[in-house]
2 protein chains.
Amino acid sequence: MAAANIKEVARHAGVSLGTVSNVLNRPDTVAPATRQRVLDAISELGYVRNDSARQLRAGHSRTVAIVVLDVANPFFTDVVRGAEQVVEEAGAMLVVCNSGEDSARERRHLDLLEEQRVRGVLITPVGHGPQPNLDKLIDRGIPVVLVDRGSGRASRCSVAVDDVLGGRLAMDHLLDQGHHRIAYLGGPFSIAQVADRHAGAAAALDDRGGADLRVATTSSLTVAAGRRGAEDLLALPARQRPTAVFCANDLIALGVLQEVTARGLRVPADLAIVGYDDIEFAGAAAVPLSSVRQPREQLGRTAAQLLLEEASAGEKHRHRHVVFQPELVVRRSSDQPRRTRR
Amino acid sequence: MAAANIKEVARHAGVSLGTVSNVLNRPDTVAPATRQRVLDAISELGYVRNDSARQLRAGHSRTVAIVVLDVANPFFTDVVRGAEQVVEEAGAMLVVCNSGEDSARERRHLDLLEEQRVRGVLITPVGHGPQPNLDKLIDRGIPVVLVDRGSGRASRCSVAVDDVLGGRLAMDHLLDQGHHRIAYLGGPFSIAQVADRHAGAAAALDDRGGADLRVATTSSLTVAAGRRGAEDLLALPARQRPTAVFCANDLIALGVLQEVTARGLRVPADLAIVGYDDIEFAGAAAVPLSSVRQPREQLGRTAAQLLLEEASAGEKHRHRHVVFQPELVVRRSSDQPRRTRR
DNA sequence: CCGGCTGGATGAAACGTTTTAGGCGCTATA
DNA sequence: TATAGCGCCTAAAACGTTTCATCCAGCCGG
């Protein structure tokens with residue numbers, strides 16, 4: 001069966017083309033009898049709207065895109081779920097694109113999305129420099145909301161969790177636990193979250209002093225990268241080896257935990273670990289993981305709301321920047337009798 | 001800047017509309033000098049192709065959709081990554097839709113995708129009854145590939161892992177370990193994987209005898225559902241309580257592990273656990289989880305390949321059904337000195 | 001000098017909607 | 001009786017591409 005179009009439906013129902021369109025879009029403006037005839041024709045022919053034509057006419061599509069750094073990262077999957085709720089409620093469709101922390105792929109996705117004239121884009125950009133591609137979208141009138149990236153830019157909305165504060169919370173906690181040699185493990189620093197969390201940790205240390213913060217960078221935010229990072233840390237001579245590590249996210253932390261455990265060392269006695277994101281698996285880890293919790297689904301919901309608002313308000317929209325507060329969840333991986341450590 | 005269209009570009013470059021189109025689609029058919037003039041006009045005006053118009057003309061889009069049961073499930077995220085590779089290589093775009101194990105949402109997604117005339121659909125359907133929506137897509141000529149669902153249906157391709165075999169492997173292993181009271185935890189049974197894995201386990205038991213298989217159903221395949229399922233199992237009187245549990249997936253298994261640990265019981269001594277999927281977190285769990293491993297990314301890759309093949313081969317395409325073999329990975333959660341248990 | 005060929009460009013049709021201006025037959029009002 | 005208003009419907013234009021049938025100029029062989 002070839003795809004029937006609106007014209008065939010019209011012929012079949014003995015009405016004009018515009019009437020069919022009215023049945024579809026403003027059913028109450030057409031007489032009940034006619035409407036029924038059209039509906040019958042529709043179901044008889046198995047007619048399905050052609051969205052391309054619709055979009056062409058409308059000038060934009062009804063889909064909203066979210067571009068995440070990593071589809072397999074539980075942080076983002078929860079953000080996606082939050083955004084999904086809101087977007088679907090509004091009768092639109094959410095499509096998920098994966099940049100894989102690769103700015104070339106990000107660019108390709110954005111180009112494609114622009115060609116598709118999507119209704120709007122939620123994005124956690126890969127870098128934190130200027131973003132010509134995003135600006136291009138905005139120029140074209142496509143609303144963009146930055147997710148988990150608090151840019152002060154006035155040209156777009158953003159939702160974020162205060163990563164600097166999160167870094168502070170984690171660091172304060174480790175200092176409270178009496179650690180003096182602490183490592184920050186994460187990367188690449190081109191990812192804003194990685195840099196901000198580190199900045200918070202460094203600031204906390206500046207305020208209180210009396211400890212050492214070593215930075216070890218990873219090439220990505222994955223379990224495997226965490227394992228490799230841990231190898232490096234553990235290879236240090238005992239006097240330099242940190243007694244605690246603050247990881248840029250939970251995947252890294254789980255990697256560290258795996259590596260440490262594999263070598264027969266104990267957590268937190270030999271190495272205390274604090275992660276970030278408090279993903280579902282953090283509590284189920286070999287040693288339950290301390291972590292900085294973020295309101296992930298809410299982040300997604302709020303982002304989607306801002307986007308839809310902007311999309312419908314048009315010119316008179318005022319950009320907003322929403323910042324949520326993170327919260328430290330202390331579990332076994334960093335919790336031990338208070339004493340000074342050397 | 002309003003979106004410039006092909007006509008303006010043509011005027012700007014002093015050529016006709018068709019020539020611009022040729023520059024875009026068949027650059028070698030237009031004289032170098034003209035081509036350059038057009039390209040200059042394009043970049044000067046910031047012209048971006050309008051994909052809706054393109055699609056309208058072409059009759060179909062260049063996007064491929066994948067509809068998964070749960071975006072937050074690591075199994076699917078890996079399948080998505082595999083499919084992504086192949087689809088992007090082919091210059092198309094993969095969009096991810098989440099049915100959330102809800103057939104109403106699945107239906108809405110499929111309707112929307114049909115309206116969009118997507119190039120093809122990869123899907124793990126919610127139920128395993130007849131699927132009128134899928135048939136509708138196929139009637140319309142949109143290729144559909146079933147993922148992780150080995151339907152013998154001749155009308156579509158499929159890729160799957162032999163879940164019955166996986167269930168056997170798990171069960172055989174537990175029997176080898178000397179367990180006599182075993183539970184199968186998972187649900188809903190309307191999900192084919194849940195039913196098949198159970199069938200495999202039951203078949204293995206039939207073959208060997210000498211043990212009891214209790215089925216406990218959950219409402220979904222999540223960590224939370226696993227915890228609730230474990231509560232029920234642990235509430236049984238000691239004589240009936242199973243000594244081992246085979247879980248329909250790793251999320252369930254992690255939930256069980258959490259609940260068991262929270263009550264101060266030991267794994268595997270008090271309760272052995274075998275999961276399914278071997279997700280990245282399984283090895284990092286409190287007690288490293290035994291699990292049935294599936295070639296997840298490859299599943300995605302193969303599915304995408306079949307889809308693209310069908311999309312381009314058209315009529316003369318022969319449907320294929322690819323089945324991969326799972327593999328049991330034994331870790332601490334089910335590994336213990338062999339002895340008979342009562 | 002003519003016919004045919006070729007590389008390069010053109011113009012118009014077509015894809016399937018939505019929307020807008022208007023038409024037609026009624027009824028209610030002045 | 002004219003007029004306005006209303007309910008219902010129609011016809012046609014427009015959205016931005018791609019493609020296909022032409023066309024034109026130049027060139028070659030005869």
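Chain letters run A, B, ... following the sequence lines, proteins first and then strands; every chain starts at 1.
Rounded to whole Å, atom P of C/dT10 lies 15 Å from atom CZ of B/Arg11. Between the CD atom of B/Gln116 and the C1' atom of C/dT17 there is a distance of 15 Å, given to the nearest Å. We find that CD1 of B/Ile6 is positioned 15 Å from C1' of C/dA12, with the value rounded to whole Å. One atom, NZ of A/Lys7, and another, C1' of C/dT18, lie 15 Å apart when rounded to the nearest Å. Rounded to an integer number of Å, the gap from A/Arg117 CZ to C/dT17 C1' is 17 Å.
In this structure B/Arg296 satisfies the salt bridge (Lys or Arg N to Asp or Glu O under 4.0 Å) test together with B/Asp78, sequence neighbours excluded. A/Glu114 meets the salt bridge (Lys or Arg N to Asp or Glu O under 4.0 Å) test with A/Lys136, A/Arg140; sequence neighbours excluded. Scored by the salt bridge (Lys or Arg N to Asp or Glu O under 4.0 Å) test, A/Glu115 finds B/Arg62 as partners (sequence neighbours excluded).
When only modelled atom types and interatomic distance are considered, B/Asp135 and B/Gln131 share no side-chain donor-acceptor pair under 3.5 Å.
At the heavy-atom level, B/Thr34 lies under 4.0 Å from the strands shown only through sugar-phosphate atoms.
Think of the region where chain A sits on DNA chain D: with heavy atoms and a 4.0 Å cut, that region ends 5' and 3' at D/dC8 to D/dG16.
The closest donor-acceptor contact from the side chain of B/Ser312 to the backbone of B/Glu309 lies under 3.5 Å. A donor-acceptor contact shorter than 3.5 Å is absent between the side chain of B/Thr63 and the backbone of B/Leu94. Judged by distance alone, with hydrogens and angles left aside, the side-chain atoms of B/Arg301 form no donor-acceptor pair with the main-chain N or O of B/Gln85 at under 3.5 Å.
Rounded to 10°, the helix from C/dC1-D/dG30 to C/dA30-D/dT1 has 60° between the axis fitted to its first five pairs and the one fitted to its last five.
Looking at A/Val126 and A/Asp102, their side chains never come closer than 4.5 Å, going by heavy atoms from C-beta outward. The shortest side-chain heavy-atom distance between A/Val159 and A/Asp148 does not fall under the 4.5 Å cut-off.
Heavy-atom minimum distance, B/Asn5 versus B/Tyr47: C-CE1, 3.8 Å.
For the segment residues 15-31 of chain A, the set of residues with a heavy atom within less than 4.0 Å of an atom of DNA chain C comprises A/Leu17, A/Gly18, A/Ser21, A/Asn25, A/Arg26, in numerical order.
Residues B/His319 and B/His321 place their aromatic rings such that the two centres sit no closer than 6.0 Å.
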